[in-house]
Amino acid sequence: MKSTNRRLWLIYQQADVKKNQWYIEEYIRIGKELGLKVELILIEELIFGVKNNTWFVGQKGKLEEPPEFAIIRTIYPLLSRHLEQMGVRVFNSSKVSEICNDKARTYQYIAKLQIPMIDTMFVKNSMVTQYRSEYQAQYVIKAVDGHGGGQVFCVEEKEDFPVFERVGYSDTVFQPLIGTKHQDLRVYVLGKRILAGILRTAKEGFKSNFSLGGTVHTYSLSEQETALVQKIIDQFEFGLVGIDFLIGESGELIFNEIEDVVGARMLYQCTKIDLVREYLTFLISS
């Protein structure tokens with residue numbers, strides 16, 4: 001076992017710790033084997049800002065020396081950028097966090113690649129009611145900052161529902177409902193490398209998320225599909241992400257979103273990939 005002189009902060013919200021306990025313990029255990037001291041840091045106990053004309057960070061009201069690395073397992077672009085300013089190597093980066101945790105910004109950014117995407121309207125929260133009245137078909141409303149299939153709603157023409165109770169104060173995207181397969185593909189990416197593809201199929205309804213009961217199995221990407229994914233990878237400096245595609249009527253991949261704080265359960269269930277070891281090895285060698 002190597003000496004653990006190098007520090008890594010694994011940053012979570014308190015509410016997410018219990019359901020991710022095994023995953024967190026793997027980071028601590030494998031980190032120790034690789035010479036990393038992995039510290040679980042709770043957002044609720046973290047303090048950061050500027051003092052004496054420079055940045056500071058700490059926890060429980062006490063300032064600390066920042067670590068060498070940070071893996072942020074919650075959505076907080078401001079924190080990501082703050083730690084980067086202090087010289088911390090943050091995964092995923094603030095650029096990834098800022099773009100990929102906003103569906104509208106993601107579509108806007110990826111559109112330059114000319115890859116298949118769903119026609120999408122970007123709609124401010126205050127304009128949702130007006131746009132709903134103008135749509136003439138079945139469509140999907142998504143909160144731009146929704147994750148895990150939450151805040152995604154299929155709406156029939158003239159259907160009435162308390163939209164603002166469902167999307168909160170978030171801006172939204174409007175998209176036509178496409179396809180009948182109700183499948184999507186998550187491609188796990190580590191750095192510039194594709195780890196695996198996992199195909200998800202909805203158990204019922206149109207959402208195929210594993211956390212919502214969708215079934216999953218591995219998927220082998222074709223050469224053409226690999227090239228499509230690679231076009232997206234080349235636009236970013238990823239740590240670990242999931243790039244999601246809908247499956248069209250002819251089996252084609254249609255870009256959907258990029259998951260910054262990507263879940264690992266599907267990968268562990270469907271493959272023998274030791275994701276935590278792969279990730280930590282990537283961090284200390286890149």
Side-chain angles (χ1 to χ4, degrees), residues 71-72 75 77 80 84 89-120 142 144 147 173 175 178-179 181 183-201 208-210 214 216-286:
I71 295 176
I72 301 184
I75 300 166
S80 301
E84 287 170 348
R89 297 185 60 204
V90 178
F91 299 88
N92 287 307
S93 70
S94 60
K95 176 184 175 180
V96 171
S97 182
E98 288 163 357
I99 293 175
C100 299
N101 289 301
D102 184 312
K103 291 178 173 60
R105 291 192 66 183
T106 302
Y107 298 141
Q108 186 181 65
Y109 190 82
I110 295 297
K112 64 184 178 181
L113 302 180
Q114 294 291 293
I115 64 176
M117 299 171 62
I118 305 172
D119 293 343
T120 303
K142 300 178 182 179
V144 296
H147 290 271
V173 296
Q175 298 173 328
I178 67 167
K181 292 180 178 293
Q183 290 181 317
D184 76 354
L185 175 68
R186 169 159 294 169
V187 180
Y188 283 89
V189 174
L190 179 61
K192 298 294 184 183
R193 179 163 62 98
I194 295 173
L195 290 177
I198 305 293
L199 185 69
R200 307 182 288 191
T201 304
S208 56
N209 304 72
F210 185 46
V216 296
H217 61 81
T218 55
Y219 179 96
S220 296
L221 277 74
S222 69
E223 185 175 332
Q224 182 180 9
E225 290 167 342
T226 299
L228 179 65
V229 175
Q230 193 64 49
K231 288 180 72 173
I232 299 172
I233 293 173
D234 290 343
Q235 298 299 310
F236 296 92
E237 294 299 325
F238 287 136
L240 175 67
V241 300
I243 304 179
D244 292 350
F245 298 87
L246 301 178
I247 306 298
E249 293 297 333
S250 301
E252 72 276 19
L253 300 188
I254 303 169
F255 175 75
N256 189 29
E257 62 184 332
I258 301 172
E259 286 285 350
D260 165 29
V261 186
V262 65
R265 291 178 179 84
M266 292 192 303
L267 199 65
Y268 277 106
Q269 175 171 317
C270 296
T271 77
K272 295 183 179 180
I273 295 171
D274 187 345
L275 182 60
V276 171
R277 188 176 301 276
E278 292 264 6
Y279 197 7
L280 292 180
T281 300
F282 165 79
L283 298 193
I284 62 180
S285 61
S286 60

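Because only heavy atoms are used, hydrogens play no part in the values below, and waters and symmetry mates are left out as well, while side chains stay in. Computed from a predicted structure; not experimentally measured.
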Derivation of the side-chain contact (heavy atoms from CB on, under 4.5 Å) call for Gln269 and Val216:
CA-CA 9 Å; Gln269 175 171 317; Val216 296; 3.7 Å; yes

Minimum heavy-atom distance Ile273-Tyr268, with the two atoms named:
O-CE2, 3.8 Å

Thr120 side chain vs Ile118 backbone, donor-acceptor pair below 3.5 Å
yes

Does CD in Glu237 sit with more than 12 non-hydrogen atoms of other residues, nucleotides or ligands closer than 6.0 Å?
no

Tell me if a side-chain donor or acceptor on Lys231 pairs with a main-chain N or O of Ile115 at a distance below 3.5 Å.
no

If the condition is side chain to side chain donor-acceptor pair (under 3.5 Å), which residues does Thr106 pass it with, not counting sequence neighbours?
none

Look at the side chain of Glu252 and the backbone N and O of Ser250, then say whether any donor-acceptor pair between them is shorter than 3.5 Å.
yes

Listed by chain and number, what are the ring-ring contact (aromatic ring centres under 6.0 Å, His included) partners of Tyr219, not counting sequence neighbours?
none

Is it true that a side-chain atom of Asn92 and a backbone atom of Gly239 form a donor plus acceptor pair closer than 3.5 Å?
yes

So CD of Glu257 and CG of Asn101: to nearest 0.5 Å the spacing works out to 9.5 Å

How would you list all residue pairs meeting salt bridge (charged side-chain N to carboxylate O under 4.0 Å, His left out) that involve residues 266-286, not counting sequence neighbours?
Glu33-Arg277, Arg193-Glu278, Asp274-Arg277

Closest non-hydrogen atoms of Arg89 and Leu283, given as atom of the first, atom of the second and distance, are NH1-O, 3.2 Å

Ile243 side chain reached by Phe238 side chain, heavy atoms, under 4.5 Å
yes

Between Tyr107 and Gln175, is there a side-chain donor-acceptor contact under 3.5 Å, judged purely by atom types and distance?
yes

